[in-house]
Amino acid sequence: MTGDPTPNTVARRLRAIPRPTGRDAVAGFVTGLFSIPEGVAYASIGGFAAPLGLWSGVVPTILGSVFARTVLMVTTLTSAIALSARSVLQAAGLDTGDIGAIATLTVLVGVVMLILGLLRLGSVMSYVSTAVMTGFTVGIALQIIAGVIKDATGYSPGSSNTVGKLADALIHLSRWKTPVVIVAAATVAAWLLFRLWRPTRSLATLLSLLVVTAATVLLGTDVERVADIAAIPRSLPPFTLPDLGAVPALATGAVAIALVALAQAAGIGAAVVNPDGSRPDASKDFSAQGVANLAGGLFGALPTGGSLSRTGIAQSSGAHTRWAGIFAGVFLAVIVLLVGPYAGLIPMAVIGGIMLVIGAELIERRRNDIMLVLHTSWPSAIAMIVTFAATTALPLQYAIFLGAALSILLTSITVTRSSRLLEFRRGDGGWEIGDPPAHLPSGRTTVLHYDGAGFFSEVGRIDQDWPDTTGATDAAVVLSVRGAVDVPSATFLKALDDRVGRLDAQGISFVMAGVPDRFRDLLIRNPQLANLNPEHLVAQTPRIMESVEQAYALAEQQRVRRRPATTPETTS
């Protein structure tokens, strides 16, 4: 997709999408069917009317799937978004039954997401390392598991913390309800059996849901069902106009909800690989979710974002292209319209069992990454563990931005530790590489090469490696920066300018080789850098050592020119 999505480009975008496959249709049907109980449950925990949870999986899901760069991401209501939306409405003094206020909130969330996408702020995700995203994804998977403890066991933990919920549930095993546990365990067992048999592998999620649901109905098993939470209506999403008067009260809350939703979507982009081999684009995903909410707000939807659980359902059911998400929205509307009330027979324990499988699958997919991070370095391991802990204990938007900050810090540490000075020495076969001399030799030009990124934190390391110039006479220095510096930090430039000034005061000439055009332009525009003379900069050339040869010749000319009359000529 080129450019940012707008509603006017839907038809063109659909034409550009690959042909749907049979697996996409099956995955879309399973995801659409699964969206009925999960949508109703999420709307209910947020204190909203059940139909809003259903409509949140129609228009937003279709448009989100059309435009998202994370191909299999399903855009719909999540538990975190539902709870955040309730909190925002209550803080604004508005009722969760106020349809106009809900429409306003959803549209505002879409506006915020679209702005963030247009500003390309999704690029912040490029600063999030594998270690951080591994911790974030495993934390979300654990959140999914902790979030269905009540559905899978019949016991409702009192803790609000993810790990606390799991610990609470394990401590109170005696309070688990046997029928609920049996149904959830039967769902997991059925999924495993269908998954092991190749002909039913891609249908394992759907078949386990249908088989166990049918068995509980025939046996009359006493467990909570979707219909016990709320009735499933037979109707299409209604057209709803926002209440513009509620905008001032909801604007700030809309930003918070957008951050929650986008943080969840960021985890999906890291956890779910695009089957077509294309690269995800967080900014495009932001824009796609913005369009989904802008349109969804007009058709009875609550704020929506990338759903890891329903994306996992689609992927587990064999989704291959973005058509799986499009089908999911269409099938949800068709199922609700034709046989909506019958979906109320699905036991919540079946939903709990399937969600346990999805959470476990997410952790299993990250197993190799976990081991890689643990075996790479202790800073990476700490970043993964800290992000995991933050994801299970803090709001998701805080966890993901904490992870981004950790990634940037780790990058700075790694670059600083790897930066160094080398010496290029003339040999019989050309230039040879070695460690820089401890003392700058007199009577010749010394060629140094800087290997780094120009970070402010590298100045101390360069000072340690720089040769001691005490007592050096009839000397010159060439500093090669090819492939290392484009636009260095101000701290780095100031330190380099000071060093060149000290060299000049000692009568030691200085030339820089392999200078990129942007670096040279920066020096010309900054008269404050008085010692870095643009005339002593040799530009980067296509041939690797050509600029070094030119700089060496220039430094030799300057050295000879500055040689005291009493100094005997030295062959270099």
For this session: Return yes when atom CZ of R234 has more than 12 non-hydrogen atoms of other residues, nucleotides or ligands closer than 6.0 Å, and no otherwise.
Result: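 For R234, atom CZ is crowded (more than 12 foreign heavy atoms under 6.0 Å).
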Which heavy atom in [X] sits nearest to a heavy atom in [Y], and how many Å separate them?
X	Y	result
A254	L108	CB-CB, 3.6 Å
W55	P60	O-CD, 3.7 Å
A292	L63	CA-CB, 4.3 Å
N161	T392	ND2-O, 3.3 Å
A27	A324	CB-CB, 4.2 Å
I149	P157	CG2-CG, 3.7 Å

Exercise. Do the two ring centres, one from F239 and one from F299, sit under 6.0 Å apart?
Worked result: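 That pair passes the under 6.0 Å test.
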Problem set entry | Residues D243, T104; criterion side chain to side chain donor-acceptor pair (under 3.5 Å); working and verdict | CA-CA 6 Å; D243 178 7; T104 303; 5.5 Å; no
Are [X] and [Y] side-chain neighbours, meaning at least one heavy-atom pair lies under 4.5 Å?
X	Y	value
L332	T61	no
V217	R225	yes
L121	I115	no
L166	L142	yes
R86	F48	yes
T187	L209	no
T321	P275	no
L298	T240	no

Can you tell me if [X] uses its side chain to pair, donor with acceptor, with the backbone of [Y] under 3.5 Å?
X	Y	result
R175	S156	no
R322	S65	yes
D151	V148	no
Q289	G110	no

For this session: Let me see the working for T70 and D285 under side chain to side chain donor-acceptor pair (under 3.5 Å), right down to the final yes or no.
Result: CA-CA 7 Å; T70 301; D285 285 343; 2.6 Å; yes
Problem set entry | Nearest-0.5 Å distance, CD1 of residue I36 to CD1 of residue I335 |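 The CD1 atom of I335 is 5.0 Å from CD1 of I36, to the nearest 0.5 Å.
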Exercise. Say you draw a straight line from CG of L337 to CG of L236; how long is it, rounded to the nearest 0.5 Å?
Worked result: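 Going from the CG atom of L337 to the CG atom of L236 covers 5.0 Å.
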Exercise. Is the closest side-chain donor-acceptor distance between R310 and T31 under 3.5 Å?
Worked result: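 Looking only at side-chain atoms, T31 and R310 do not form any donor-acceptor pair under 3.5 Å.
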Problem set entry | Check: T106/N293 side-chain N/O donor and acceptor closer than 3.5 Å |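 Absent: no donor and acceptor within the cut-off.
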Problem set entry | Worked verdict on R120 versus D281 for salt bridge (charged side-chain N to carboxylate O under 4.0 Å, His left out) | CA-CA 10 Å; R120 304 293 300 169; D281 185 325; 3.2 Å; yes
For this session: Apply salt bridge (charged side-chain N to carboxylate O under 4.0 Å, His left out) to R367 and list each qualifying residue two or more places apart in sequence or on a separate chain.
Result: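 With sequence neighbours excluded, R367 shows a salt bridge (charged side-chain N to carboxylate O under 4.0 Å, His left out) to E364, given in chain and number order.
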Problem set entry | Residues forming a salt bridge (charged side-chain N to carboxylate O under 4.0 Å, His left out) with D168, sequence neighbours excluded |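 If we apply the salt bridge (charged side-chain N to carboxylate O under 4.0 Å, His left out) test to D168, skipping adjacent residues, there are no hits.
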Just list the side-chain donor-acceptor pairs under 3.5 Å for residues 92-101, sequence neighbours left out, or say none.
{"residue": "D95", "atom": "OD2", "partner": "G97", "partner atom": "N", "Å": "2.6"}
{"residue": "T96", "atom": "OG1", "partner": "G47", "partner atom": "O", "Å": "2.9"}
{"residue": "D98", "atom": "OD1", "partner": "G100", "partner atom": "N", "Å": "3.2"}
{"residue": "D98", "atom": "OD1", "partner": "A101", "partner atom": "N", "Å": "3.1"}

